[in-house]
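Below you'll find the structure, written out as structure tokens, and then a few comments.
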2 protein chains.
Amino acid sequence: MPERKPRADAVRNREAVLAAADRLFARSDSPEHVSMADIAAEAGVGKGTLFRGFGDRTGLIRALHETRLEPIRQAVVDGPRPLGPGTPPAERAPALLDALLCFKLDHRHLSLALEEAGSGSPYGAGHYDWWHDTLRGVLEDLPGFGDGDFAAHALLAAVRADLVDHLVDRHGASRERLRAELAAYTAKLLHGSYQDVRTAHAG
Amino acid sequence: MPERKPRADAVRNREAVLAAADRLFARSDSPEHVSMADIAAEAGVGKGTLFRGFGDRTGLIRALHETRLEPIRQAVVDGPRPLGPGTPPAERAPALLDALLCFKLDHRHLSLALEEAGSGSPYGAGHYDWWHDTLRGVLEDLPGFGDGDFAAHALLAAVRADLVDHLVDRHGASRERLRAELAAYTAKLLHGSYQDVRTAHAG
DNA sequence: ACTCAAGCGGACCGCCGGTCCGCATCGTAT
DNA sequence: ATACGATGCGGACCGGCGGTCCGCTTGAGT
């Protein structure tokens, strides 16, 4: 099956749509108020073009999210300290969460849209499984941490887009304050189990 | 201002609507597929009655949730160990989370519906603030725990309805397994900071 | 029994995500 | 340059949703 190469106007429109969606999500106060028709109008194309190119609303949001997340993904898969794979786990786990938090702060409405889009939840839409697998692996490399499956879920839940949004909007939390609190929380969790290990070895 | 007492058929209909909604949410696979028209039909009333009695969809779900949650709320506010206020915090915090988890397991679709309903997130709809204040207070009663605000948010995020639903549906996790994992996670967090205190005292 | 306001119900509205198909446009073969 | 088939475009259109409205029914005080 030979790869059909897409037409020039198709790729142009695709870019225009992604750019328009990004603008509208960033501008709007709530992503659910950005309709597909709005995006089409902003991009200067017909609605049919959206659905032809991305399947449905979820597909569009996912595609947009993917392009924005790619740098971070690369940094985690194959990058330098502290995100890359060469980092010791006690340093890498907080770094991963911090990076994710920063991403959600920088792309609040887009992240919000994505987590709403996935048929009602973030699980299954977006790169949740990838994040979870990665974080879980790092946690389980910590000596004595044990099963990291649930802990990874719980830690990822602590940086969910709607929680971040709530803390920023309602509580007026600043970026640095949130990062500090997340770091403190993570440290409390990891430090605790690490101390358990030292205690066990000592006893 | 004299309290107008409602008409008999009004209260009858109100009960019928709540019961119908409960049935439909429990039966359906996804709460977003339960429409207001469905609920009205199941209850044998007109759609107008729903909106007259509950304002909007969110109001109906919130009212239903309130009736189901009331026993637990009572047990927390003014009940015996381990949920009640007389419990030492190191025991009460896990108990609160366990109770909340069990509630979400017992009323999965209702909880899911509630967390979707609150204009896109659980914060602001439902009793989130009450849970947060309560848990935060308990955490901060732990000696040496420090600020419990973010930790309370993070712990509550670990039992969010859609995460629970995801773990049960996709991962096939059993009720007891989830409870155990949540307990282990909570213990890891609390134990850690508790040990910090002992270390500090010892040093 | 009479009254009348409280309450009911379902036709109706605007909006949304998603579909469809006649038509314009692109890339290519000539 | 031209002609032609495939690719993609666009917006009218659809079903279904949450929510409103108003003429009619019915409960409850006298």
Side-chain angles (χ1 to χ4, degrees), chain A residues 1-21 24-25 28-64 112-120 125, chain B residues 1-21 24-25 28-64 112-120 125:
Chain A
M1 26 176 42
E3 274 285 320
R4 291 238 154 265
K5 71 172 175 179
R7 256 165 52 171
D9 54 346
V11 295
R12 212 181 336 121
N13 279 332
R14 187 181 174 89
E15 295 304 313
V17 166
L18 286 175
L24 287 184
F25 279 128
S28 84
D29 43 342
S30 174
E32 66 210 9
H33 295 143
V34 178
S35 75
M36 295 299 268
D38 291 339
I39 297 174
E42 172 82 13
V45 304
K47 243 173 51 163
T49 304
L50 295 206
F51 290 94
R52 165 168 284 272
F54 300 96
D56 58 6
R57 185 184 166 90
T58 301
L60 169 55
I61 293 171
R62 201 183 306 209
L64 181 53
L112 220 40
L114 181 74
E115 297 192 6
E116 282 172 11
S119 64
Chain B
M1 30 177 29
E3 275 283 321
R4 289 240 154 263
K5 72 174 176 180
R7 254 165 53 171
D9 55 345
V11 294
R12 214 183 331 124
N13 278 333
R14 188 182 173 88
E15 295 303 313
V17 166
L18 286 174
L24 286 184
F25 279 128
S28 85
D29 41 343
S30 175
E32 66 210 10
H33 295 144
V34 178
S35 74
M36 295 300 267
D38 291 339
I39 298 174
E42 172 82 12
V45 303
K47 244 174 52 162
T49 304
L50 295 206
F51 289 94
R52 164 168 287 270
F54 300 96
D56 58 5
R57 185 184 166 89
T58 301
L60 168 55
I61 294 173
R62 200 183 305 209
L64 180 53
L112 220 41
L114 181 72
E115 297 192 5
E116 282 171 10
S119 63

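The chains referred to below are lettered A, B, ... by the order of the sequence lines, with proteins before strands, and numbering in each begins at 1.
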Point to revise | A:R12 side chain reached by A:D9 side chain, heavy atoms, under 4.5 Å | key: yes
Exercise for review: Would you mind reporting whether B:I61 and B:F25 have side-chain heavy atoms less than 4.5 Å apart?
Suggested key: yes
What is the distance, rounded to the nearest whole Å, between atom [atom1] of [X] and atom [atom2] of [N]?
X     : N      : atom1 : atom2 : answer
B:L50 : C:dG7  : CG    : P     : 15 Å
B:R14 : C:dG7  : CZ    : C1'   : 14 Å
A:E32 : D:dC17 : CD    : P     : 18 Å
B:K47 : C:dA11 : NZ    : P     : 11 Å
B:D38 : D:dG18 : CG    : C1'   : 12 Å
B:R7  : D:dG27 : CZ    : P     : 7 Å
B:D56 : D:dC17 : CG    : C1'   : 14 Å
A:R12 : C:dA24 : CZ    : C1'   : 13 Å

Point to revise | Test item: B:S35 side-chain N/O and B:D38 main-chain N/O as donor-acceptor pair under 3.5 Å | key: yes
Check your understanding: Do the side-chain N or O atoms of A:R57 get closer than 4.0 angstrom to the phosphate oxygens (OP1, OP2) of C:dG17?
Key -> yes
Check your understanding: Between C:dG7 and B:N13, is there an OP1 or OP2 to side-chain N/O distance shorter than 4.0 Å?
Key -> no
Study note, to complete from the structure: DNA chain D nearest-nucleotide lookup for B:M36 and A:V11: closer to the 5′ end is A:V11
Practice item. Over all heavy atoms of both residues, which pair between A:V45 and A:V17 is shortest? Give the atoms and the distance, please. Key: CG2-CG2, 4.0 Å
Exercise for review: Can you see which heavy atom on A:F51 is nearest to which on A:D56, and at what distance?
Suggested key: CD2-CA, 4.0 Å
Study note, to complete from the structure: Rounded to the nearest 0.5 Å, the CG atom of B:L50 sits from the CG atom of B:L60 at a distance of 6.5 Å
Revision key, fill the gap. Taking five pairs at each terminus, the helix from C:dA1-D:dT30 to C:dT30-D:dA1 shows an axis bend, to 10°, of 0°
Side chain of [X]: nearest nucleotide among [options]?
X     : options               : answer
B:D9  : C:dG7, C:dC26, D:dG19 : C:dG7
A:T49 : D:dG10, C:dC8, C:dC16 : D:dG10
A:A10 : D:dG19, D:dG8, C:dG17 : D:dG8

**Study point:** A:R62/A:F54 under side-chain contact (heavy atoms from CB on, under 4.5 Å): CA gap, chis, key distance, verdict
**Key:** CA-CA 9 Å; A:R62 201 183 306 209; A:F54 300 96; over 6 Å; no
Check your understanding: Where each residue is assigned the nucleotide of DNA chain C containing its nearest heavy atom, which of B:G48 and A:R52 is assigned the position nearer the 5′ end?
Key -> B:G48
